[in-house]
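One-based numbering, in listed order, for ligands and for the atoms of each.
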Amino acid sequence: MDDITFAVLGTGGIGRRALEVSQHKDALTPVAACDRHGVAIDSAGLDVDELLEATEGNIDSGPQGEDVATDGGAVAEGDGATASGGVKQHGEGEGVVASAQAHPSEDPIQEIIDHGEAIDAVLLALPNYEHDFIPRTADRFVEGGYSGVLIDVLKRSRVIGMLDERSETLEQAGITFVCGAGATPGLLTGAAALAAQSFVEITDVDIWWGVGLESGYEDNRGTVREDIAHLPEYDLETARSLSEDDIEAIVDDHDGVLEFEDMEHADDVLLERAGVCDAADVTVGGVLDVRNDEKPTTTTVRVTGRTFDGETATNTFQLGDATSMAANVNGPALGYLKAGVRRNRAGEYGVVGPAELMPGF
Ligand SMILES: NC(=O)c1ccc[n+]([C@@H]2O[C@H](COP(=O)([O-])OP(=O)(O)OC[C@H]3O[C@@H](n4cnc5c(N)ncnc54)[C@H](O)[C@@H]3O)[C@@H](O)[C@H]2O)c1
């Protein structure tokens with residue numbers, strides 16, 4: 001496969017690690033990266049080591065007032081450090097602007113769109129507090145004349161429908177949109193689609209994940225906040241308005257271990273749109289331990305079905321306990337990105353999920 005140039009929108013917990021993991025994948029050249037404060041663009045390839053080093057301990061994470069939902073995204077100087085989202089601010093400049101390759105921007109996403117012709121794929125590692133933030137960002141790429149791959153690692157089922165509504169527009173623009181392509185949904189959805197191949201009828205898909213995040217906690221506060229929204233007593237709106245102290249109090253109340261059941265994770269609709277099973281047959285839950293790096297439970301996908309010759313069985317897929325969330329989100333996201341580029345170059349446009357990039361059902 002020829003070289004692939006790509007951009008990362010959002011250099012938070014996920015986006016930074018995506019840049020790092022890309023150094024270990026063949027033929028991937030990161031040419032642009034932005035957060036809500038600024039943008040780094042170099043068509044010859046970003047110096048990832050410099051960018052990561054400069055932004056170490058300087059992650060601009062979490063929601064900031066209303067700006068997360070705005071199209072531009074930039075906020076006034078100084079806003080971030082005091083906002084509820086909490087900027088880890090140890091260097092000069094907020095977020096990505098601490099890198100010598102980056103400059104402050106009023107509208108960093110637009111700057112990347114304006115360089116779209118030189119970018120084969122764009123990974124959207126953006127927050128998901130506003131359900132339509134990622135779909136609206138896709139609209140901006142269409143309006144800006146972009147034709148390439150867009151890929152996200154979103155979690156919520158309802159966003160997939162919003163992307164589906166845009167399928168025709170994306171197709172006409174020549175965009176291949178790979179949605180829900182992180183770990184879950186993403187890697188585990190693809191694993192379920194593969195495990196389903198033994199069966200002619202699927203009765204249940206059960207996804208149970210474990211994440212130990214002690215050393216990654218600081219860098220992944222955005223994800224922890226979004227996960228809190230899945231607890232029965234919270235929703236996206238209430239989770240978004242929590243202060244850092246509120247989040248610490250919730251974590252303390254649970255002794256650092258948050259357990260989730262029946263999560264609204266898009267694995268369900270992504271398996272349904274691939275024809276594997278009904279969304280209602282898919283359950284997702286898991287355990288997040290922010291005080292240990294060891295996983296509190298082994299991540300397991302169980303696919304139960306009936307074979308053509310009348311047997312009922314369960315195919316099981318497990319992740320190794322030593323694989324981190326960063327490894328399980330970013331390896332697959334970049335792998336799916338490459339699969340998306342292959343489709344795009346073959347003239348296949350529109351919305352596609354991770355299960356559709358596996359053997360057909
Ligand atoms: N599918 C999976 O397995 C999986 C796993 C983990 C995280 N995620 C998802 O990944 C996403 C990112 O998570 P994270 O922990 O990196 O979050 P984060 O809060 O650490 O990072 C978000 C980044 O987006 C930037 N941003 C916000 N608004 C912007 C704007 N308007 N313009 C430009 N940049 C903007 C922020 O500055 C920050 O750099 C979340 O939606 C999370 O749910 C998915």
Side-chain angles (χ1 to χ4, degrees), residues 7-19 32-39 55 58-75 79-80 83 85-88 94-97 102 105-113 122-131 133-134 136-137 140 151-156 159 179-190 207 209 211 213 216-230 236 239-240 263-267 270 284 286 288 299 319 324-333 336 354:
V8 176
L9 305 190
T11 48
I14 298 298
R16 289 178 82 254
R17 292 282 87 86
L19 289 168
C34 78
D35 66 3
R36 56 163 76 87
H37 296 287
V39 59
T55 56
N58 192 12
I59 287 182
D60 176 14
S61 183
Q64 292 189 337
E66 295 308 308
D67 78 294
V68 171
T70 66
D71 286 340
V75 291
D79 259 14
V87 176
K88 274 172 70 183
E94 288 170 273
V96 77
V97 172
S105 175
E106 285 297 312
D107 193 349
I109 292 179
Q110 189 59 48
E111 289 199 37
I112 290 185
I113 294 171
V122 179
L123 173 64
L124 290 83
L126 296 166
N128 202 19
Y129 304 110
E130 298 286 328
H131 289 127
F133 185 44
I134 285 173
R136 280 193 297 113
T137 304
R140 296 186 68 195
I151 173 164
D152 67 43
V153 293
L154 63 81
K155 288 187 185 172
R156 294 263 173 180
V159 189
C179 55
T184 166
L187 171 62
L188 304 187
T189 330
I207 294 176
W209 55 262
V211 169
L213 207 54
Y217 180 42
E218 283 292 303
D219 288 351
N220 287 284
R221 284 166 178 267
T223 292
V224 173
R225 179 187 292 273
E226 283 188 32
D227 280 343
I228 284 174
H230 287 276
L236 272 168
R240 187 178 174 209
M263 302 178 82
E264 185 204 338
H265 259 217
D267 306 84
L270 291 169
V284 181
L288 170 67
T299 297
L319 294 182
S324 63
M325 181 179 79
N328 291 319
V329 173
N330 292 300
Y336 282 125

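The backbone N or O of Gly38 sits less than 3.5 Å from a side-chain atom of Asp35, completing a donor-acceptor pair. With Arg225 contributing its side chain and Ala239 its backbone, the two residues share a donor-acceptor pair below 3.5 Å. In this structure a side-chain-to-backbone donor-acceptor pair under 3.5 Å is missing from Glu111 to Ser105.
Counting atoms of ligand 1 from 1 in the listed order, those under 4.0 Å from a heavy atom of Ile109 are 32 (N), 33 (C). Which parts of ligand 1 touch Thr11 is read off a 4.0 Å heavy-atom cut-off, strictly below it: atoms 39 (O). Under a 4.0 Å criterion applied to the non-hydrogen atoms of Asn128, ligand 1 contributes the atoms 41 (O). Heavy-atom contacts of Pro127 reach the following atoms of ligand 1: 22 (C), 24 (O), 27 (C), 41 (O) (cutoff under 4.0 Å).
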(message) Test salt bridge (charged side-chain N to carboxylate O under 4.0 Å, His left out) on Glu130 and Arg240; report intermediate values, then the result.
(response) CA-CA 9 Å; Glu130 298 286 328; Arg240 187 178 174 209; 2.6 Å; yes
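For the pair Asp219 and ligand 1, the shortest N or O to N or O distance does not fall below 3.5 Å. For ligand 1, none of its N or O atoms has an N or O atom of Val329 under 3.5 Å away. By the 3.5 Å distance cut-off applied to N or O atoms, Lys155 is not counted among the residues near ligand 1. The distance criterion of under 3.5 Å between nitrogen or oxygen atoms is not met by Gly10 with respect to ligand 1.
Of the heavy atoms in Phe133, only side-chain atoms (C-beta onward) come closer than 4.0 Å to ligand 1. With a 4.0 Å cut-off on non-hydrogen atoms, Glu226 touches ligand 1 through its side chain and not its backbone.
Considering OG1 of Thr223 and CE of Met325, their distance stands at 4.5 Å, rounded to 0.5 Å. The OG1 atom of Thr184 sits 10.5 Å away from atom CG of Asn328, with the distance rounded to the nearest 0.5 Å. Within the model, atoms CZ of Arg221 and CG of Leu213 stand 10.5 Å from one another, a figure rounded to the nearest 0.5 Å. Taking CG of Asn330 as the reference point, atom OG of Ser324 lies at 8.5 Å (rounded to 0.5 Å).
Nearest residue to atom 22 (C) of ligand 1 from Gly15, Ala183, Ala125, Gly222 is Ala125 (criterion: closest heavy atom). Taking only non-hydrogen atoms, the option from Leu126, Val8, Ile14, Asp227 nearest to atom 11 (C) of ligand 1 is Leu126. Nearest-heavy-atom check against atom 9 (C) of ligand 1 across Thr55, Val224, Val153 picks out Val153.
Under the 30°/60° scheme for interplanar angles, the aromatic rings of Trp209 and His265 are found to lie parallel.
At least one heavy atom of Pro185 sits under 4.0 Å from some atom of ligand 1.
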